[in-house]
Amino acid sequence: MAEDAPVFSVEGLWKVFGPRADRVPADPELAALGPAELRARTGCTAAVRDVSFDVRKGEVFVVMGLSGSGKSTLVRCLTRLIEPTAGHLAIDGEDVRAMDKNRLRELRRHRAAMVFQHFGLLPHRTVLDNVAYGLEIQGVGKAERRERAAAVVEKVGLAGMELRRPSQLSGGQQQRVGLARALAVDPEVLLFDEPFSALDPLIRRDMQEEVVRLHRDEGRTMVFITHDLSEALKLGDRIALMRDGAVVQLGTPEEIVGSPADDYVREFVRDVPREQVMTVRTAMRPGDCGAADHPDALAPGTVVSGAIEVVARTGRAACVVDDGRCLGQVDHADLLRVVAGIDGSPAKEAA
């Protein structure tokens, strides 16, 4: 696979439930109907509606939406746990819809591992043997799979608990076992289907941090499904926001918060603290401050809240520097304009 080729490539994907489902994407008139009218006319429900996106190697791609938006159906279509009705679906350029049973089994066991909300641990097995279960299915010898499982158990923070049973673990610890089991098979991509939604808020935050850490340390490609906007903004390199089976906006957290595609997205992100998502790229104006090596220089990815602290501490405009080159500068007025959502920065394209 070429370095810049996508891991998953999805184009025009549909999943329709109901009688003669394949007629819906094939008929432009039916395909254009809203959910209620489509059900009334055909008895069908379009759970995934003409969705297209690529998942890039090494990114965390988040699919977000409210209950019933189609996000969980979509992620199951990626490995054909649910069969798509129409569209193109590929992993590393290989047509997933054309895979036979053996190739599909290899995809699910080796290349794309799923982490569910209900992690389905085997109650009679220890933590170590639960983590090694996927390797056992692959036919890996006992000594090797236990060695590999032990390394992953330590990686997810469960060292010392290898011999415990699931019933002896907290909910967060059980979810770590589920994550470790997926990691143990060393998949190319991890697919998370709302894995933390049943956890207490503090445990959920810990697991989010665990995902961030794993991504930072390993650069593993992840597709993450959630209904929680703050979780999506925290984890996602890019976010696909779904409504009624369709993607209404696809972009970085900053693009979605800063430039909502429509009123639905605008309402969705209305209460997001902009200073914690927007970066100084959006706020900066042209100008060479002549201080690219200054200790208070800001990276272009610095969030506005961090930049406000620097500017307040120094009492002067801060230089935005990338790879030793001054891109522009920001002062209090620039930063507060972004916080207020006022589109008035004179340097949108300075970089």
Side-chain angles (χ1 to χ4, degrees), residues 55 60-64 71-76 78-82 105 107-138 140 145-228 231-232 234-236:
V55 178
V60 179
F61 186 91
V62 173
V63 182
M64 184 188 70
K71 57 190 184 301
S72 290
T73 302
L74 174 60
V75 77
R76 283 166 167 79
L78 295 182
T79 57
R80 285 174 53 197
L81 290 173
I82 292 178
R105 189 180 301 117
L107 167 67
R108 295 169 183 166
R109 288 182 179 178
H110 298 270
R111 301 167 72 182
M114 201 91 172
V115 182
F116 295 99
Q117 175 184 339
H118 304 291
F119 13 91
L121 302 182
L122 302 169
H124 60 288
R125 292 194 173 210
T126 64
V127 165
L128 191 65
D129 286 339
N130 265 286
V131 172
Y133 182 65
L135 297 171
E136 182 180 343
I137 290 176
Q138 290 183 3
V140 177
R145 68 175 182 255
R146 288 175 72 88
E147 180 181 350
R148 286 168 59 178
V152 178
V153 166
E154 183 173 1
K155 183 181 296 184
V156 300
L158 292 176
M161 302 184 185
E162 292 86 350
L163 300 183
R164 294 189 186 182
R165 309 280 180 181
S167 61
Q168 298 172 297
L169 303 175
S170 69
Q173 289 167 341
Q174 290 181 24
Q175 188 56 279
R176 286 174 186 268
V177 177
L179 175 57
R181 184 173 59 191
L183 284 169
V185 298
D186 195 26
E188 181 179 358
V189 57
L190 281 169
L191 306 173
F192 294 88
D193 187 13
E194 300 208 63
F196 310 144
S197 59
L199 301 177
D200 293 337
L202 288 178
I203 299 174
R204 181 172 188 162
R205 188 176 66 190
D206 286 346
M207 289 304 300
Q208 290 169 355
E209 293 292 346
E210 189 67 27
V211 170
V212 171
R213 184 187 65 79
L214 282 169
H215 183 251
R216 183 182 65 242
D217 293 349
E218 299 189 352
R220 196 180 295 271
T221 307
M222 301 180 184
V223 177
F224 199 100
I225 307 300
T226 183
H227 66 269
D228 186 289
E231 185 168 71
K234 180 175 184 176
L235 298 179

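Excluded from the calculations below are hydrogen atoms, water molecules and symmetry mates; all remaining heavy atoms, backbone and side chain alike, are included. In this chain, residues are counted from 1 in sequence order.
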Chemist: Sub-3.5 Å donor-acceptor pair from the side chain of Arg109 to the main-chain atoms of Val185, do we have one?
Modeler: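 Between the backbone of Val185 and the side chain of Arg109 there is no qualifying donor-acceptor contact (under 3.5 Å).
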Chemist: As a test of understanding, state which of His215, Arg176, Arg205 forms a side-chain hydrogen bond (donor to acceptor under 3.5 Å, both in side chains) with Glu210.
Modeler: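 The side-chain hydrogen bond (donor to acceptor under 3.5 Å, both in side chains) with Glu210 is passed solely by Arg176 among His215, Arg176, Arg205.
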Chemist: Working to the nearest 0.5 angstrom, can you tell me the gap between Leu81 CG and Leu191 CG?
Modeler: 9.0 Å
Chemist: What heavy-atom pair brings Pro187 and Ala182 nearest, and what distance separates the two atoms?
Modeler: CD-O, 3.2 Å
Chemist: So how far is it from Arg105 CZ to His110 NE2, rounded to the nearest 0.5 Å?
Modeler: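 Going from the CZ atom of Arg105 to the NE2 atom of His110 covers 10.0 Å.
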Chemist: For the backbone of Val131 and the side chain of Arg125, can you confirm whether one donor and one acceptor N or O come within less than 3.5 Å of each other?
Modeler: no
Chemist: Output the distance between atom CD (Glu194) and atom CD1 (Ile225), rounded to the nearest 0.5 Å.
Modeler: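 If I round to the nearest 0.5 Å, the distance is 8.0 Å.
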Chemist: Any ion pair linking Arg146 and Asp129 (charged N to carboxylate O, less than 4.0 Å)?
Modeler: yes
Chemist: I'd like to know if the side chain of Asp193 and the backbone of Ser72 have a donor-acceptor N/O pair within less than 3.5 Å.
Modeler: no
Chemist: Rounded to the nearest 0.5 Å, how far apart are CG of Asn130 and CD of Gln174?
Modeler: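 If we round to the nearest 0.5 Å, Asn130:CG and Gln174:CD are 9.5 Å apart.
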Chemist: Compile the donor-acceptor pairs under 3.5 Å between side chains in residues 147-161 and protein atoms, sequence neighbours left out, one pair per line.
Modeler:
{"from": "Arg148", "atom 1": "NH1", "to": "Glu144", "atom 2": "OE2", "distance (Å)": "3.2"}
{"from": "Arg148", "atom 1": "NH2", "to": "Ala184", "atom 2": "O", "distance (Å)": "3.4"}
{"from": "Lys155", "atom 1": "NZ", "to": "Glu218", "atom 2": "OE2", "distance (Å)": "2.5"}

Chemist: Could you tell me whether the side chain of Leu214 reaches within less than 4.5 Å of the side chain of Leu183, counting heavy atoms only?
Modeler: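 Yes, side chains in contact.
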Chemist: I'd like to know if Glu209 pairs up with Lys234 as an ion pair, taking the criterion as any Lys NZ or Arg NE/NH1/NH2 lying under 4.0 Å from an Asp or Glu carboxylate oxygen.
Modeler: yes
Chemist: For the residue pair Leu179 and Phe192, establish whether any side-chain heavy-atom pair is separated by less than 4.5 Å.
Modeler: yes
Chemist: What residues, two or more places apart in sequence or in another chain, satisfy salt bridge (Lys or Arg N to Asp or Glu O under 4.0 Å) together with Arg111?
Modeler: Asp92, Glu94, Glu106
Chemist: Tell me if a side-chain donor or acceptor on Arg76 pairs with a main-chain N or O of Ile82 at a distance below 3.5 Å.
Modeler: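 Judged by distance alone, no pair lies under 3.5 Å.
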Chemist: Does Asp228 reach the side chain of Arg204, with side-chain heavy atoms less than 4.5 Å apart?
Modeler: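 Yes, side chains in contact.
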Chemist: Applying side-chain contact (heavy atoms from CB on, under 4.5 Å), run through Thr126 and Arg164 and close with a yes or a no.
Modeler: CA-CA 5 Å; Thr126 64; Arg164 294 189 186 182; over 6 Å; no
Chemist: Side-chain contact, heavy-atom cut-off 4.5 Å: Arg80 with Arg108?
Modeler: yes
Chemist: Can Val115 and Gln175 be said to form a side-chain contact (heavy atoms from CB on, under 4.5 Å), step by step?
Modeler: CA-CA 9 Å; Val115 182; Gln175 188 56 279; 3.8 Å; yes
Chemist: Can Asp186 and Arg220 be counted as an ion pair, charged N to O under 4.0 angstrom?
Modeler: yes
Chemist: If we only count heavy atoms from C-beta on, is the Leu135 to Gln138 side-chain gap below 4.5 Å?
Modeler: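 Counting from C-beta outward, Leu135 and Gln138 do come under 4.5 Å.
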Chemist: Is there side-chain contact between Pro166 and Val177, with heavy atoms separated by less than 4.5 Å?
Modeler: no
Chemist: Any heavy-atom pair between the side chains of Gln173 and Ile203 that's under 4.5 Å?
Modeler: no
Chemist: Mind checking whether Leu235 and Met222 have side chains closer than 4.5 Å, heavy atoms only?
Modeler: no
